[in-house]
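Inspection log for the structure reproduced underneath, given as structure tokens.
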Amino acid sequence: MAVAIILLNILIIATFTNIRGGGEVMNVYLVSLALADLLYGVLVVPFSVYPALVQQWVYGKIACRIIGYIEVALWTVSAYTLMWISVDRYIAVRKPVRYFTVQTRTRCQCWMAFTWISSAMLCSPPLLEFGDPVFDQDTAVCMLDWQGMAAYSVTLSILVLGPSLITILYTYVYIYGAIRRLRRGFLAHDKEYVTALSENLSNPTHVTSFVLIVTFWICWTPLMSIKAYQQLGGVPAVPGHVRFAALWLGISNSVWKAFVLIFLSPQFRVMLRLLCLTVFCKRKSRAELELLQLDMEDHFL
């Protein structure tokens with residue numbers, strides 16, 4: 001799992017950063033997601049291998065606390081980043097004519113910097129001796145003792161899940177409504193707006209981003225449900241193998257993202273071919289042709 005997470009997310013980051021100018025502003029959010037998953041594959045998953053074999057944590061209490069903090073902070077970054085992706089798609093549908101004016105690359109980069117800083121601060125109490133970390137032998141992961149930090153757990157859940165889920169639901173309900181109104185001819189706007197919206201909705205980025213968001217929440221919902229059940233003092237206790245499957249299903253989301261991009265994003269496939277040509281080939285004219293094709297696709301946002 002660690003090897004797959006590291007290699008696939010390095011591939012995603014290299015693919016997006018290989019483009020001159022960076023392509024769509026959406027790529028800023030996708031790089032942020034890939035970076036969070038890459039750090040998860042480097043700083044969290046490998047430290048579960050040896051403890052899983054010996055059935056105990058061997059790296060010390062401080063390391064356990066730090067890894068528990070990193071887990072929560074990176075998960076928070078991913079949840080907030082998906083929220084910003086839904087906002088980006090909402091703006092693309094709500095204001096298709098002014099999208100490039102509203103969603104500039106600099107503004108998106110600032111939002112991502114704010115997301116990483118705020119996530120690091122929200123999840124910092126465990127680093128300040130607020131609650132002890134626990135090594136779960138069933139899941140082979142060192143994590144925070146959420147049951148021993150009830151007030152903090154509820155507060156963090158509200159601050160992360162509340163804005164993220166409400167924003168995602170609202171934005172995609174609006175997008176779905178816009179698609180229905182467009183197909184039925186109910187949009188009472190000028191021709192320029194309708195034309196821009198039609199071209200925008202034909203962009204496969206909408207489908208790709210939606211599948212990324214749905215995949216993330218499908219993978220992590222079982223574990224969140226188990227945590228909520230345990231927090232409420234659920235009886236009987238959840239079996240160890242169920243908690244193991246739920247946790248590693250969530251972590252596997254760091255792998256599925258690469259396949260979603262490969263199968264659903266034509267732009268990503270073009271950039272991936274360009275990366276291969278850049279790294280393995282000397283055919284400059286072909287690489288320039290691929291880049292030209294990518295620049296043409298950017299106009300369909």
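Model, not experiment: these values are computed from the prediction.
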(request) Might you work through the side-chain contact (heavy atoms from CB on, under 4.5 Å) test for M271 and N18, ending with a clear yes or no? (result) CA-CA 8 Å; M271 290 189 292; N18 183 55; over 6 Å; no
(request) Begin with the C-alpha distance, continue with both residues' side-chain angles, and end with the deciding distance and a verdict on side-chain contact (heavy atoms from CB on, under 4.5 Å) for V255 and I5. (result) CA-CA 5 Å; V255 175; I5 292 174; 3.6 Å; yes
(request) Might you work through the side-chain contact (heavy atoms from CB on, under 4.5 Å) test for M143 and I67, ending with a clear yes or no? (result) CA-CA 7 Å; M143 60 183 65; I67 288 178; over 6 Å; no
(message) Assess the residue pair L261 and R269 against the criterion (side-chain contact (heavy atoms from CB on, under 4.5 Å)); give the C-alpha distance rounded to whole Å, side-chain angles, the decisive distance to 0.1 Å, and a yes or no.
(response) CA-CA 8 Å; L261 291 172; R269 291 196 295 270; over 6 Å; no
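The hydrophobic clustering, which links ILVMFWY residues whose side-chain heavy atoms are closer than 4.5 Å, places V214 and L169 apart. Grouping the Ile, Leu, Val, Met, Phe, Trp and Tyr side chains by contacts below 4.5 angstrom, directly or via other members, places W84 apart from M121. Residue V45 is not grouped with residue L249 when hydrophobic side chains (ILVMFWY) are merged at heavy-atom distances under 4.5 angstrom, including chains of intermediate members. Note: the hydrophobic cluster containing L35 does not contain I117 (ILVMFWY, side chain heavy atoms under 4.5 Å, direct or indirect links). When hydrophobic clusters are built by joining Ile, Leu, Val, Met, Phe, Trp and Tyr residues whose side-chain heavy atoms come closer than 4.5 Å, directly or via intermediates, M83 is grouped together with F114.
Note that CG of D88 is 12.5 Å distant from CG of L82, once rounded to the nearest 0.5 Å. With rounding to the nearest 0.5 angstrom, the CG atom of L212 is 14.5 Å from the OH atom of Y29. With rounding to the nearest 0.5 angstrom, the SG atom of C142 is 11.5 Å from the CD atom of Q137. Once rounded to the nearest 0.5 Å, the distance linking CH2 of W111 with CD of Q103 reads 9.5 Å. Interatomic distance, C276 SG to L272 CG, rounded to the nearest 0.5 Å: 5.0 Å. Taking CG from N253 and CD1 from I218, the interatomic distance works out to 10.0 Å, rounded to the nearest 0.5 Å.
Between V93 and A178, the shortest heavy-atom distance links the atoms CG1-CB, 3.5 Å. Residue R107 comes nearest to V102 through the heavy atom pair NH1-O, 2.7 Å, listed as atom of the first residue, atom of the second, then distance. Minimum interatomic distance between Y80 and S119 (heavy atoms only, all atoms of both residues): CD1-OG, 3.6 Å. Counting all heavy atoms, side chain and backbone alike, P46 lies closest to A2 at CG-CB, 4.0 Å. Closest heavy-atom contact between P236 and Y229: O-OH, 2.8 Å.
Heavy-atom neighbours of Y176 OH from other residues, nucleotides or ligands within 6.0 Å: at or below the threshold of 12. Within 6.0 Å of CZ on F47 lie no more than 12 heavy atoms contributed by other residues, nucleotides or ligands. More than 12 heavy atoms of other residues, nucleotides or ligands shown are found within 6.0 angstrom of CG on L53.
Put simply, the side chain of R89 reaches to within 4.5 Å of the side chain of M26, judged on heavy atoms. Put simply, the side chain of V77 reaches to within 4.5 Å of the side chain of S32, judged on heavy atoms. In this structure, the side chains of W220 and I251 come closer than 4.5 Å at one or more pairs of heavy atoms. The shortest distance between side-chain heavy atoms of W217 and M224 falls below 4.5 Å. Counting heavy atoms from C-beta outward, F135 and S48 have side chains that stay 4.5 Å or more apart. Contact check for L122 versus L156: side-chain heavy atoms found under the 4.5 Å cut-off. The side-chain heavy atoms of D136 and V141, taken from C-beta on, include no pair separated by under 4.5 Å. In this structure, I12 and L38 have side chains that are not in contact, with every pair of non-hydrogen atoms separated by 4.5 Å or more.
Below 30°, between 30° and 60°, or above 60°: for Y90 and Y174 the angle between ring planes is above 60°, a perpendicular geometry. Aromatic ring orientation, F216 versus W75: tilted (interplanar angle from 30° to 60°).
A side-chain donor-acceptor contact under 3.5 Å links S252 and W256. Side chain to side chain, Y40 and N9 fail the donor-acceptor criterion of an N or O pair below 3.5 Å.
In this structure a side-chain-to-backbone donor-acceptor pair under 3.5 Å is missing from T167 to S164. A donor-acceptor distance shorter than 3.5 angstrom exists from the side chain of Y69 to the backbone of A120, with no hydrogens or angles considered. Between the S265 side chain and the I262 main chain, no donor and acceptor come within less than 3.5 Å of each other.
Residues that satisfy the ring-ring contact (aromatic ring centres under 6.0 Å, His included) test with Y172, not counting sequence neighbours, are F210.
Considering T15, I13, L7 as possible partners of L11, the one that fulfils the side chain to side chain contact (heavy atoms under 4.5 Å, CB included) test is T15.
Within the structure, the salt bridge (Lys or Arg N to Asp or Glu O under 4.0 Å) test picks out the following pairs touching residues 249-267 (sequence neighbours left out): D37-K257.
Taking the six-membered ring where the residue is Trp, the centroids of F16 and F268 are separated by under 6.0 Å.
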